[in-house]
Amino acid sequence: MPPPKAQKITPRARDFSEWYTDVIQQAELADHSPVRGCMVIRPLGYRMWELMQGALDAMFKATGHENAYFPLFIPQSFLAREAEHVEGFAKEVAIVTHTRLRATGKGGAGAVEPDPSSALEEPLVVRPTSETIIYAMFAKWIQSYRDLPLLLNQWCNVVRWEFRTRLFLRTTEFLWQEGHTAHATEAEAEAEARQILGVYRRFQEEWMAMPVLTGLKTPSEKFAGALRTYALEALMQDNKSIQSGTSHNLGQNFAKAFNVQYQTAAGGLEHVWNTSWGVSTRLIGGLIMTHSDDNGLVAPPRLAPIQVVIVPIYKTDDEQRGVLQAAEKVRGDLEKTGVRVKLDGRPELKPGAKYFEWEARGVPLRLEIGPRDVAAGQVTMARRTGGKAPVRLDDLAAKVPEALAEMQGALLQAARERREQHSIRGVTKQEFIDFMKAQGGFAYGGFCGSAECEAEIKDATAATIRVLPDPEFRSPEAPKTCMWCGKPSVAEAVWAQAY
RNA sequence: CGGGGCGUAGCGCAGUCCGGUAGCGCGUCUGGUUUGGGACCAGAAGGUCGGCGGUUCGAAUCCGCCCGCCCCGACCA
């Protein structure tokens, strides 16, 4: 019997926000840094990011993209070159103005100060995103249509000085990838932006087991400087939506601002068409809020840093020897099949304590090996999502990958069902208001296209248009009128309260 | 930046009203006994009580100023 200890994780039903924070703490994914709003990604969280990077990077390469690295610092004047872009980011950029410190003779925190004689002639901004510096370089590299398309990606950190931050979801500094491409025609750029949206969707569904809606952002939600922004939206367990990725058709806005031109086959001079697209460590926040439960993290097997943990159980020294030997063998066998496995041989903890710990860290499968199992030539396999059954040692190398694959599928299925249960289609104004006031979720309805309606709805319900959904997500029947103002509908929209 | 709350051991807190040896739980360390769902016993380490100043014989406690953090509102992946 587990003694009723103080619950370390606040139940979701009591306080979702607290629950989220507790899950991250207990799973040791990340921690707050001494700098307000910044995050330390701990080994487990970073391993998960590495697994995400590995999968995404392979997908980028498979679609013809190459990695490069552009610098952290951007001349302040660059940011100002594209008018809409600078307006979008001006309020949240960090600026470097000096190159050295000097001693003040005072003690403590005031012992040093920026040396006035080291002031930079032109301040540098710390990249909030890299369009400006990348397209400044593209202008040098692109001469002719033969240089196109140029398909680059970079993995890096960016800084956006946010007022309110939350681990993974919104931090001052975060890790991401940003793809930047240049094309000869608008159609090619559009195809690229759409292709990447598909890549992101596949990654999020197949690897993260996180179902997404894809579609177009309205002008009020699009990226500053883009022609069009496509996005992916996923519904979290608190019925708020998270934007889990964006892909922009930048048109020729940056090409014109940075003079990125190429000679056509016919000998003319044209501006290129650009795209940019990114996903960030925010994905980890989405993953947590999609699958995890009141016992802690639930990691989808394909992205679980540890997929299987082996917990040996024994009383006597004799038993310990036999059990550990069997456990080592199991670990070796599983490693050979490519499973990420850990044997928890710590002698100072009781098995139950280990169960709780690994559950909090989201390990999909736990193999318990005790004297009875050894005698029977089996292990006891427990799933993070529930259920426990013996598995013969001979079958293990086959059964473990099978169970992992099943769990991966079941998580996506469960998340999809949950999303559909919290979606409402063809809403009327009153239904919409009631829905957003009560449980919330994805509300599908007609939209007249006016920014006024959008703003009114946001004021009244805190809900915003997440996307104008792509065809595969639209309702069977297109709405005829705007669910808010009753004027003719120009597109179906999906509203939700959002992160 | 506006409204609210809080700074005491690694973490969570009591003590502050009413000044008088700085405490509790968890965790950590040592030793022993334990181990099929959060072990137990014994011992130990660990503190400029956010900072500076004031009142006082004496301040975690009273007064003043400052600093930091969390939650809620306006920006955002």
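Lettering follows sequence order; numbering is per chain, from 1.
For A:F138 and A:H180, the gap between ring centers reaches or exceeds 6.0 Å. Aromatic ring centres of A:F442 and A:W495: separated by at least 6.0 Å. When ring centroids are compared, A:W155 and A:W49 come within the 6.0 Å threshold.
Using bins of under 30°, 30° to 60° and over 60° for the plane-to-plane angle, the ring pair A:F16/A:W19 lands in the tilted bin.
In this entry the distance linking CG of A:D31 with C1' of B:rC11 reads 11 Å, nearest Å. To the nearest angstrom, C1' of B:rC76 lies 14 Å from NE2 of A:H85. Rounded to an integer number of Å, the gap from A:E87 CD to B:rC75 P is 13 Å. Straight-line distance from the CD atom of A:Q320 to the P atom of B:rG36: 14 Å, rounded to whole Å. In this entry the distance linking CD of A:Q378 with P of B:rG36 reads 17 Å, nearest Å. In this structure, CD of A:E348 is placed 12 Å from P of B:rA39, rounded to the nearest angstrom. Summarising the geometry, the separation between CD on A:Q25 and P on B:rG27 is reported as 17 Å, rounded to the nearest angstrom. Protein atom CZ of A:R166 is 12 Å distant from nucleotide atom P of B:rC70, rounded to whole Å.
A:E162 comes within contact range of at least one nucleobase, with a heavy-atom separation under 4.0 Å. Within 4.0 Å of A:F223, counting heavy atoms only, lies no atom of the nucleic acid at all. Residue contacts shown for A:T165 are absent, as no nucleic acid heavy atom lies under 4.0 Å away. Within 4.0 Å of A:L283, counting heavy atoms only, lies no atom of the nucleic acid at all. Here A:P371 lies in heavy-atom contact (under 4.0 Å) with a base. Among the protein residues, A:I242 comes within range of no part of the nucleic acid, since none of its heavy atoms lies under 4.0 Å from any strand. Counting non-hydrogen atoms under 4.0 angstrom, A:K388 reaches a base of the nucleic acid. Within the nucleic acid shown, A:S244 has no heavy atom closer than 4.0 Å to any nucleic acid atom.
Searching all strands for a Watson-Crick or G-U wobble partner of B:rG27 with both distances below 3.5 Å returns nothing. Across the strands present, B:rC75 finds no partner; the criterion is a Watson-Crick or G-U wobble pair with both atom distances under 3.5 angstrom. Nucleotide B:rA59 is matched to nothing when pairs are restricted to Watson-Crick or G-U wobble geometry with both distances under 3.5 angstrom. Pairing for B:rC18 is absent, judged as Watson-Crick or G-U wobble with the two contacts each under 3.5 Å. Of all nucleotides present, only B:rU33 satisfies the Watson-Crick or G-U wobble test against B:rA39, with each distance under 3.5 Å. In this structure, B:rC49 makes no Watson-Crick or G-U wobble pair, since no nucleotide meets both defining distances under 3.5 angstrom. Pairing partner, B:rC69: B:rG5, with both Watson-Crick or wobble hydrogen-bond distances short of 3.5 Å.
A distance of about 24 Å separates the P atoms of B:rC13 and B:rG20, rounded to the whole Å. Comparing the P positions of B:rG27 and B:rA22 gives an interatomic distance of 27 Å, to the nearest angstrom. If you take atom P in B:rG25 and the same atom in B:rG43, they sit 13 Å apart, rounded to whole Å. Remark: the separation of the C1' atoms in B:rG3 and B:rA9 is 33 Å, to the nearest Å. A gap of 14 Å separates the P atoms of B:rG7 and B:rC17, to the nearest Å. To the nearest whole angstrom, the two C1' atoms, one in B:rG53 and one in B:rA42, are 47 Å apart. Here the separation of B:rU16 from B:rC49, taken at their C1' atoms, is 11 Å to the nearest Å. Between the P atoms of B:rC11 and B:rG47, the separation comes to 13 Å (whole Å).
For the pair A:R170 and A:Y499, the cation-pi criterion (under 6.0 Å, within 45° of the ring axis) is not fulfilled. The cationic group of A:R228 does not satisfy the cation-pi geometry with A:W273, failing either the under 6.0 Å distance to the six-membered ring centre or the 45° limit from the ring axis.
Taking every side-chain heavy atom of A:A353 into account, B:rG38 is the closest of B:rG38, B:rC76, B:rG36. For A:K350, taking side-chain heavy atoms from C-beta onward, the closest of the listed nucleotides B:rG38, B:rC75, B:rG37 is B:rG38.
In this model, no side-chain donor or acceptor of A:E357 finds a partner on the base of B:rG37 within 3.5 Å.
By the 5.5 angstrom centroid cut-off and the 30-degree plane limit, A:F356 is classified as stacked against the base of B:rG38.
Taking NZ from A:K342 and CG from A:D344, the interatomic distance works out to 6.5 Å, rounded to the nearest 0.5 Å.
Salt bridge absent: A:R419 and A:E233 never bring a charged side-chain N and a carboxylate O closer than 4.0 Å.
Each of A:Y499 and A:I313 lies near RNA chain B, and the nucleotide nearest A:I313 is the one positioned closer to the 5' end. Residue order along RNA chain B, read from the 5' end via each residue's closest nucleotide, puts A:G352 first among A:A498 and A:G352.
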